[in-house]
Novice: 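For reference, the structure I am asking about is given below.
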Amino acid sequence: MRTYDQLCRAVAEGVNAVVVSVEYRILPDVHFPEQLNDALHATKYFLQPDVLAKWSVDPNRIALSGDSSGGNLAAAVCQQLIQDGNAVSKIKLQALIYPVLQVLDFNTPSYQQNMDMPILRRFLMAKFWLHYLNGNSKYVEPMLVNNHTSFDVSQAVALRERLNWSSILPSGIQKHFKPVVQTVGTPELIQEVPAIFDVRASPLIAEKESLKLMPKTYILTCEYDVLRDDGLMYAKRLEDAGVEVTNDHYEDGFHGCMIFADWPLYFSVGARTRDNYIKWLDENL
């Protein structure tokens, strides 16, 4: 949480809002879905009228936000609240900062383009996913070539179309890259890591009916980030479902850049992403 202290303070001051930063449990102590459960329980607790009143929070001005894996949890929490009656209606906005949203395709254009780009390499992303889903790291290589969503994996058939980037992403983003779909995969991978197809882990593969109920959304994406296309595809799927979306894309951005907005680790793009994110929250919350 110390890493994000300055950012949380900047949001609190810039938006004149109460900021609650959830210190959910992390690996190796717990695996999926416990991190999500922690975030969901904290959100539900905070949404209670007496808790909101205690902190002088306007119940009509509540947003969920997170970056990277936190963006995954923020998106998943929003989707899970749909299952809890009208709870999602209490969320006015969701703001996702270079979120990680799917584990089914490690060969999107951004994964191919930025596979060895600091700060987040494609190999590390696959390794992180397996740790999160409590899988064996021996499956990293099969996942990198999409063996877990091959044509012979029946569970992947319907889901594959929901992240078919060749039809979702504009040609300028696709560039010269081609989809990678294997004919024969690694069936034991799915048997040992069934959470690969769990929408709570991959919010991008949610059904359109669920996405229709999502609140107004802000998604920040960076050109030099393996997760760029996760955010771009989610923005497009939400828009197609009728949700108002602001996609703030940075051609000179890289994964994690927002926390590099102050001395001694200052980048211009870090300051711009932070300031524009806070500006959007201030104007829309």
Side-chain angles (χ1 to χ4, degrees), residues 3-4 7 26-27 65-75 95-133 135 137 139-149 163-166 168-181 196 201-204 218-236 247-262 264-277:
T3 306
Y4 289 87
L7 176 59
I26 60 175
L27 299 169
S65 186
D67 78 325
S68 195
S69 59
N72 173 286
L73 296 179
L96 312 177
I97 312 302
Y98 28 77
V100 48
L101 297 171
Q102 59 88 22
V103 66
L104 280 74
D105 189 354
F106 285 94
N107 288 277
T108 62
S110 60
Y111 263 117
Q112 295 187 55
Q113 172 183 299
N114 302 306
M115 65 173 65
D116 292 317
M117 186 70 63
I119 296 174
L120 187 61
R121 295 169 53 225
R122 182 174 68 163
F123 178 86
L124 284 177
M125 197 64 240
K127 190 174 181 180
F128 291 158
W129 264 116
L130 282 169
H131 285 329
Y132 180 46
L133 301 180
S137 58
Y139 292 121
V140 168
E141 293 300 334
M143 288 179 67
L144 289 178
V145 294
N146 287 349
N147 273 7
H148 57 312
T149 52
L163 47 81
N164 180 9
W165 55 261
S166 61
I168 298 175
L169 296 175
S171 57
I173 292 292
Q174 296 183 34
K175 300 177 182 177
H176 62 281
F177 299 108
K178 304 297 182 184
V180 175
V181 184
I196 281 176
S202 297
L204 180 57
Y218 174 90
I219 299 179
L220 187 150
T221 53
C222 294
E223 181 65 21
Y224 300 107
D225 181 7
V226 291
L227 302 177
R228 178 197 68 195
D229 297 341
D230 283 23
L232 293 178
M233 285 192 286
Y234 198 46
K236 184 63 166 61
N247 178 208
D248 200 4
H249 183 70
Y250 291 83
E251 291 291 341
D252 58 341
F254 55 91
H255 191 78
C257 61
M258 188 180 287
I259 61 173
F260 299 118
D262 296 290
L265 298 174
Y266 173 84
F267 285 83
S268 170
V269 68
R272 282 183 281 118
T273 53
R274 180 197 60 190
D275 294 347
N276 290 336
Y277 161 65

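Source: prediction; values computed, not measured.
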Novice: How far apart are the closest heavy atoms of Cys257 and Gly253, and which atoms are they?
Specialist: SG-CA, 4.5 Å
Novice: Do side-chain atoms of Gln112 reach the backbone of Lys178 as a donor and acceptor pair under 3.5 angstrom?
Specialist: yes
Novice: Check step by step if side-chain contact (heavy atoms from CB on, under 4.5 Å) holds for Arg122 and Leu144.
Specialist: CA-CA 8 Å; Arg122 182 174 68 163; Leu144 289 178; 3.7 Å; yes
Novice: The criterion is salt bridge (Lys or Arg N to Asp or Glu O under 4.0 Å); which residues satisfy it with Asp252, sequence neighbours excluded?
Specialist: Arg272
Novice: If I take atom CG from residue Asn72 and atom OH from residue Tyr234, how far apart are they, to the nearest 0.5 angstrom?
Specialist: 10.0 Å
Novice: Counting only N and O atoms by type, is there a donor-acceptor contact under 3.5 Å from the side chain of Asn114 to the main-chain atoms of Asp225?
Specialist: yes
Novice: Would you say His131's side chain and Ala126's backbone share a donor-acceptor pair under 3.5 angstrom?
Specialist: no
Novice: At what distance, to the nearest 0.5 angstrom, does CH2 of Trp129 lie from CD of Gln102?
Specialist: 7.5 Å
Novice: Check whether any side-chain heavy atom of Phe177 sits under 4.5 Å from a side-chain heavy atom of Gln113, and report yes or no.
Specialist: yes
Novice: Between Met115 and Val226, does a side-chain contact (heavy atoms from CB on, under 4.5 Å) hold up when you go through it step by step?
Specialist: CA-CA 6 Å; Met115 65 173 65; Val226 291; 5.5 Å; no
Novice: Does Tyr224 OH have over 12 foreign heavy atoms under 6.0 Å away?
Specialist: no
Novice: Could you tell me the separation between the OG1 atom of Thr108 and the CH2 atom of Trp165, rounded to the nearest 0.5 Å?
Specialist: 7.5 Å
Novice: So, does Asp230 use its side chain to make a donor-acceptor pair with the main chain of Val100 at under 3.5 Å?
Specialist: no
Novice: Are side-chain N/O atoms of Tyr250 and Asn276 paired as donor and acceptor at under 3.5 Å?
Specialist: yes
Novice: Is any NZ, NE, NH1 or NH2 atom of the basic residue among Lys175 and Glu223 found under 4.0 Å from an Asp or Glu carboxylate oxygen of the other?
Specialist: yes
Novice: How long is the span from the OG1 atom in Thr221 to the NE2 atom in His249, to the nearest 0.5 Å?
Specialist: 5.0 Å
Novice: Could I get the full list of ring pair (Phe, Tyr, Trp, His ring centres under 6.0 Å) partners for Tyr111, not counting sequence neighbours?
Specialist: Phe106
Novice: Under a 3.5 Å threshold, yes or no: a donor from one side chain and an acceptor from the other, between Ser65 and Tyr277?
Specialist: yes
Novice: Enter the distance from Ile219:CD1 to Leu101:CG here, rounded to the nearest 0.5 Å.
Specialist: 7.0 Å
Novice: In terms of side-chain heavy atoms, does Tyr4 have a donor or acceptor partner in Asp67 at a distance below 3.5 Å?
Specialist: yes
Novice: So which of Ile259, Val269, Asp262 actually passes side chain to side chain contact (heavy atoms under 4.5 Å, CB included) with Arg274?
Specialist: Asp262
Novice: Do Leu169 and Met233 pass the side-chain contact (heavy atoms from CB on, under 4.5 Å) test, and can you show the C-alpha distance, the side-chain angles, and the key distance before you say yes or no?
Specialist: CA-CA 7 Å; Leu169 296 175; Met233 285 192 286; 3.7 Å; yes
Novice: Hey, are Asp105 and Thr149 close enough side-chain-wise for a donor-acceptor pair under 3.5 Å?
Specialist: no
Novice: Dump the intermediate steps for side-chain contact (heavy atoms from CB on, under 4.5 Å) on Cys222 and His255, then the final yes or no.
Specialist: CA-CA 7 Å; Cys222 294; His255 191 78; over 6 Å; no
Novice: So do Ile119 and Phe254 actually touch side chain to side chain, heavy atoms under 4.5 Å?
Specialist: yes
Novice: Among all residues two or more places apart in sequence or in another chain, which pass the ring pair (Phe, Tyr, Trp, His ring centres under 6.0 Å) test with Phe260?
Specialist: Phe267
Novice: Do Phe123 and Glu141 have side-chain heavy atoms sitting under 4.5 Å apart?
Specialist: yes
Novice: Which pair of non-hydrogen atoms, one from Asn247 and one from Ala235, has the smallest distance, and what is that distance?
Specialist: CB-CB, 4.5 Å
Novice: Which atoms form the tightest heavy-atom contact between Val145 and Val180, and what is the distance?
Specialist: O-CG1, 3.8 Å
Novice: Look only at the side chain of Asp229 and the backbone of Ser110, and say whether a donor-acceptor pair between them is shorter than 3.5 Å.
Specialist: yes
Novice: Kindly give the heavy-atom pair with the smallest separation between Ala271 and Tyr266, and that separation in Å.
Specialist: CB-CE1, 3.7 Å
Novice: Near Leu124 CG, under 6.0 Å, is it more than 12 heavy atoms from other residues, nucleotides or ligands?
Specialist: yes
Novice: Which distance, rounded to the nearest 0.5 Å, do you find between the CG of Asn107 and the CG of Asn146?
Specialist: 4.5 Å
